There are 2 protein chains.
Amino acid sequence: MPSPRFTLDRSSPVPLYFQVAEQLEQAIVSGEIEAGERLENEIAMAQDLGLSRPTMRQAIQVLVDKGMLVRRRGVGTQVVRGQVHRPVELTSLFDDLSASGHQPHTKLLSIEQVGASEEIAEELQVSPDAPVWSVRRLRSIGEEPLALMHNYLPCDVVELGGVDLETQGLYAFLRDAGFVIRVARQRISARGVSGEESALLDEPEDSPLLTMQRTAYDNSGRAVEFGRHAYRPSLYSFDMTLVDR
Amino acid sequence: MPSPRFTLDRSSPVPLYFQVAEQLEQAIVSGEIEAGERLENEIAMAQDLGLSRPTMRQAIQVLVDKGMLVRRRGVGTQVVRGQVHRPVELTSLFDDLSASGHQPHTKLLSIEQVGASEEIAEELQVSPDAPVWSVRRLRSIGEEPLALMHNYLPCDVVELGGVDLETQGLYAFLRDAGFVIRVARQRISARGVSGEESALLDEPEDSPLLTMQRTAYDNSGRAVEFGRHAYRPSLYSFDMTLVDR
DNA sequence: GAGTGGTCTAGACCACCTC
DNA sequence: AGGTGGTCTAGACCACTCA
């Protein structure tokens, strides 16, 4: 039975369950606990760490929700086999690529205030023709164009005047501006490249594009951003882990 | 402050937190609790229902995880605005379409045992060349071909001989055979249609296809199924809700 | 029958937000 | 200052699995 030694800091602002979850995750990804292996039962683990059982359960639940552990009543908790892919998270493409060591950069194609179309108005929960920011950006990696992004944000919610969206990702800006994005709904599909896109993305006519449209909501449940993005499928895909709960 | 009346059955095998979550969700989707509205605080709700606070919290957490509610410390719990899309779930395409009232049907193109390629072997956690089932199916809706599905399952785990995969979805079969699928990892991208696909899917040359590959794991963490699917993007897209936790 | 996770209780203290 | 959700405790009983 694997028994990694975890260290807890009860004076830390980081919750105990989170400290345990982090170290348990590390033990799994590092291979200290092997794929398929069964963990010690949660009551014993709690005792070992001087925690209550609910707190230990909460820590384990974090990793169950990430798809790294599976629990079976009467049996125990096991590590899921198979390579751990990176889950879909609420980060921008910019963050994604920075993390993977590439050098992404962004070109601002246009930024203007326009009246919301019927669809945009519905997605952003504003009146039709209400003023919204319309931002078009081209994201590239090295010399390769990667994605064409078209975002809309309600003018009465967000002030984009003077914001440098080439240096800073949109989500990073929103975070700095005090918007906590908690929920997003998105739809992924595909279509052929259109005329203007063909040149911008350096793709020949009739090339397939991967498309994603997303509406993001802040922690008061208000729609903050709607975007339509088109990715070159040779350079981008969406990875995710689904967990049945 | 909205106060829907919930009914609890303490003798039911359905957990109390789940009974509350179901009725709360119903109150939200029916509009009894409006979008953007704040809920009563969780201590009062627990008292109203004669529940402990942890149980009430667990019920609310179910809907937070679904992206229907957002909680803010010091403020309260609010209903997320915006249309509720259906989230990605661990169901087959067959289930998806049945639920939406269409008449889908499946044609079994081929089923055979083959030796696992290197990639398949890695995904299914079996040795290279180990025997795996290879199943190819064409799913249609009415007269319209919809998706081409190619699945692989380890022979030593699943017995597919004599199984009618035209009447029953693969996931429904696995469920009936005692496999509880708890975790799946998937990757979504796009590509152009290939020669053979073009005829089967009734798509002209150079049409874009939406692709998904998925590995599913049962509740012991073992890889049970790997699939590569190609969808006609005009007829299919992936909807999902992301929740920051 | 022994061991596991699933649910539930009745409190407590704290961090954060709003007024 | 008052109210909210976030965390944590120390138990309890139950359902399920497996030997």
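From a predicted model like this one, the values you see are computed outputs, not experimental measurements. Chain letters run A, B, ... following the sequence lines, proteins first and then strands; every chain starts at 1.
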Using the rule given for side chain to side chain donor-acceptor pair (under 3.5 Å), can you reason through B:Q168 versus B:D176, listing the C-alpha separation, both sets of side-chain angles and the distance that settles it, and then say yes or no? CA-CA 10 Å; B:Q168 191 181 34; B:D176 293 350; 2.7 Å; yes
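Rounded to whole angstrom, the span from the CZ atom of B:R245 across to the C1' atom of D:dT7 amounts to 16 Å. Between the CD atom of B:E42 and the C1' atom of C:dC16 there is a distance of 14 Å, given to the nearest Å. In this structure, the CZ atom of B:R38 is 12 Å from the P atom of D:dG3, given to the nearest Å. Put simply, CZ on A:R71 is 15 Å from C1' on D:dA15, counting in whole angstrom units. Between the CD atom of B:Q58 and the P atom of D:dG5 there is a distance of 17 Å, given to the nearest Å. A straight line from CG of A:L16 to P of D:dA10 spans 12 Å, rounded to a whole angstrom. Across the protein-nucleic acid pair, A:M45 atom CE and C:dG5 atom C1' stand 13 Å apart, rounded to whole Å. Whole-Å rounding puts the A:N219 CG to C:dC17 C1' distance at 11 Å.
Between the side chain of B:R53 and the base of D:dG6, a donor-acceptor pair under 3.5 Å is found.
In this structure, A:T77 does not reach the C:dT4 phosphate: none of its side-chain N or O atoms is under 4.0 Å from OP1 or OP2. Contact check, A:R10 against D:dT9: a side-chain N or O comes under 4.0 Å of OP1 or OP2. In this structure, B:R57 reaches the D:dG6 phosphate: one of its side-chain N or O atoms is under 4.0 Å from OP1 or OP2. In terms of phosphate contacts, A:N41 brings a side-chain nitrogen or oxygen within less than 4.0 Å of OP1 or OP2 of C:dT4. Using a 4.0 Å cut-off, some side-chain N or O of A:T55 falls inside it from OP1 or OP2 of D:dT9. Side-chain N/O atoms of B:Y17 include none lying less than 4.0 angstrom from OP1 or OP2 on C:dC8.
No engagement by A:I43 is indicated, since no non-hydrogen atom pair under 4.0 Å with the nucleic acid exists. Among the heavy atoms of the strands lying under 4.0 Å from A:P15 are primed sugar atoms or P, OP1, OP2 only; no base atom is included.
A salt bridge between A:E112 and A:R136 is absent, with no side-chain N of the basic residue lying under 4.0 Å from a carboxylate O of the acidic one. For the pair A:R228 and A:E119, the salt-bridge criterion is met [side-chain N within less than 4.0 Å of a carboxylate O].
Taking every side-chain heavy atom of A:R73 into account, C:dG6 is the closest of C:dT18, C:dG6, D:dA10.
Under a cutoff of 6.0 Å and an axis angle of 45°, A:R222 and A:Y217 do not form a cation-pi pair.
Using a distance-only test at 3.5 Å, with no hydrogens or angles considered, no donor-acceptor pair links the side chain of A:Q186 to the main chain of A:M212.
Judged by closest nucleotide on DNA chain D, A:V14 is the one of A:V75 and A:V14 placed further toward the 5' end. Nearest-nucleotide positions on DNA chain D for B:R72 and A:F18 put B:R72 closer to the 5' end.
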